[in-house]
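Treat the numbers as computed from the prediction; the structure is a model and nothing was measured. Numbered from 1 within each chain, the chains take letters A, B, ... in sequence-line order.
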Amino acid sequence: MSAASAPKTPILHVDMDAFFVSVAIRDRPELRDVPAAVGGGPRGVVTCANYAARAFGVRSAMSGVQARRLCPPLVSVPLDHDLVSQVSAAVREIFGRFTPSVEMVSVDEAFLDVRSAVRLLGSPVTIAERIRAEVLAEQRITCSVGVAMSRGVAKVASRHAKPDGVVVVPPEELTTFLHPLDVGELYGVGPKARARLHRLGFSTVGDLATTPLPVLVQALGPGSAARLHRLAHGTDGDGRSAPRRPLETDRSIGAQETFGRDLHAGRDRAAIVSELLRLSARVGRRVRAAGCVGRTVTLTVRFADFRTITRSRTLTQPTDVTQEVHATAVGLYDALSVGDDSRLRLVGVRVEGLLPRERTPRQGMLGERRRGWRDADLAVDRAVERFGKGVVGPASLLR
DNA sequence: TCTGGGGTCCTAGGACCC
DNA sequence: TCTGGGGTCCTAGGACCC
């Protein structure tokens with residue numbers, strides 16, 4: 001069948017295998033077959049485990065303690081943000097050789113609409129194998145590819161292809177492939193939704209697919225019902241449908257950090273305020289680098305018992321000024337009615353409602369004071385760019 | 001020595017306006 | 001004076017994904 005007359009177009013979902021750890025160890029051949037993971041510090045969790053570690057049961061989001069209990073020889077490797085971005089961009093460039101329609105969904109995965117490529121380059125499977133070969137040859141990491149007529153099915157297929165493989169789900173095999181799967185395999189169905197669906201009697205994708213939509217709406221509400229109905233039928237959008245919303249700019253930029261030890265809300269206020277400054281500075285720099293301003297500042301506080309709350313305030317004027325972000329965050333912190341004895345595990349700062357700076361009319365009379373803060377920020381940004389992080393920072397962080 | 005950090009999206013209630 | 005409804009913004013929480 002020719003691509004032009006095809007009722008739908010094949011979608012490739014390409015997913016790097018254990019991306020973060022693969023990148024971290026690709027220049028360390030001695031670790032190739034050794035269990036290794038990124039993350040998993042004293043108070044941390046495993047960010048990404050390689051397949052040797054997964055053989056021991058080590059999984060992402062597992063605490064470092066538990067991972068080491070399962071796999072004593074586990075080697076911890078540091079995450080190299082810059083290298084990850086670099087490899088991600090290189091992989092993105094490889095995808096671009098095969099089709100102009102590439103939608104990166106994160107650093108390590110993408111949807112490719114190969115409609116225009118099949119005539120020139122061969123079947124989707126052939127294209128998938130060529131992509132994998134070029135990624136391996138140039139970046140020395142492996143990836144897996146799912147091929148199907150919809151995004152949702154391609155995504156499930158790539159997971160089944162892992163590691164280092166290809167899974168194709170032609171239309172005539174859709175039901176055989178999809179229906180026996182647990183509902184938890186569908187994109188967007190996490191542990192909570194899965195448990196709820198199981199309680200309602202929907203254990204497999206087939207259970208969903210064979211239930212009339214109105215019945216699903218009754219049980220799940222219109223939004224979830226429609227989404228799951230489409231996913232279960234493999235009709236959640238082919239390459240023709242536009243990506244949900246092209247990400248021109250980020251919607252929000254934030255930073256958070258777990259303390260090395262829990263802090264007391266009252267007694268350690270100074271340390272908390274200073275941590276909020278560090279986080280605000282990090283966020284402010286990224287907001288300015290993105291050429292944005294944001295309207296809402298959100299403070300996150302996690303207590304020792306892991307209860308987590310957020311408090312937000314919308315400013316009258318969007319900002320990219322570190323000092324304003326920090327002042328707002330501290331105001332939100334001081335307005336919390338937590339006992340001085342509360343123990344805090346983490347604080348975070350996020351700027352939301354981002355808009356391109358040049359598209360934001362600045363109301364006249366920008367105060368002298370405010371302009372001064374912003375000029376100081378820009379000077380710091382330039383210094384950081386030249387000399388690296390840690391060289392320049394707010395004076396109150398120096399001790 | 002349980003449980004990171006970066007995000008997006010959805011829901012729901014209340015305020016406020018028309 | 002009473003009654004009604006729709007739309008939007010703000011805030012808080014939570015599910016989910018990588």
Test: Arg54(A) cationic atom under 6.0 Å from Tyr51(A) six-membered ring centre, within 45° of axis: yes

Touch class at under 4.0 angstrom, heavy-atom based, for Ala61(A) against every strand present: base

Sugar-phosphate, base or nothing in reach of Gly64(A), heavy atoms under 4.0 Å: nothing

Touch class at under 4.0 angstrom, heavy-atom based, for Gly39(A) against every strand present: nothing

Residue pair His233(A), His229(A): steps toward the side-chain contact (heavy atoms from CB on, under 4.5 Å) verdict: CA-CA 6 Å; His233(A) 284 91; His229(A) 189 258; 3.3 Å; yes

Distances for protein N/O vs nucleotides 14-17 of chain B N/O pairs under 3.5 angstrom?
none

Candidate nucleotides dG5(B), dC18(C), dT3(B), ranked by approach to the side chain of Glu257(A) - the nearest: dG5(B)

Sugar-phosphate only, base, or nothing, as touched by Thr47(A) at under 4.0 Å among non-hydrogen atoms: base

Nucleotide of dG4(B), dC2(B), dC18(C) approaching Glu109(A) most closely (side-chain heavy atoms): dC18(C)

Closest nucleotide among dG13(C), dT11(C), dT3(B) to the Thr296(A) side chain: dT11(C)

Residue pair Asp15(A) / Ser144(A), side-chain donor-acceptor N/O under 3.5 Å: no

Sugar-phosphate, base or nothing in reach of Val46(A), heavy atoms under 4.0 Å: nothing

Main-chain N/O of Thr204(A) paired with Asp207(A) side-chain donor or acceptor, under 3.5 Å: yes

Thr176(A) side chain vs Leu174(A) backbone, donor-acceptor pair below 3.5 Å: no

Nearest-Å distance once atom P is located in both dC18(C) and dC2(B): 29 Å

Nucleotide nearest Gln256(A) when distance is taken to its side chain, options dT3(B), dG13(C), dG5(B): dG5(B)

Selected nucleotide, minimal atom distance to Arg345(A) side chain, candidates dT11(C), dT3(B), dT1(B): dT3(B)

Thr258(A) side chain to Arg302(A) side chain, donor-acceptor N/O pair below 3.5 angstrom: no

Residue Arg251(A), side-chain heavy atoms: nucleotide from dG13(C), dG5(B), dC9(B) that is nearest: dC9(B)

Short side-chain to backbone donor-acceptor contact, Ser60(A) and Thr47(A), under 3.5 Å: yes

Minimum-distance nucleotide (side-chain atoms of Phe306(A) versus dC18(C), dT8(B), dT3(B)): dT3(B)

Minimum-distance nucleotide to Arg295(A) side chain [options: dA12(C), dC18(C), dC10(C)]: dC10(C)

Proximity to the side chain of Val65(A) - top-ranked nucleotide from dT8(B), dT1(B), dG4(B): dT1(B)

Nucleotide nearest Arg311(A) when distance is taken to its side chain, options dT8(B), dT3(B), dG13(C): dG13(C)

Nucleotide opposite dC18(C) in a Watson-Crick or G-U pair, distances under 3.5 Å: dG5(B)

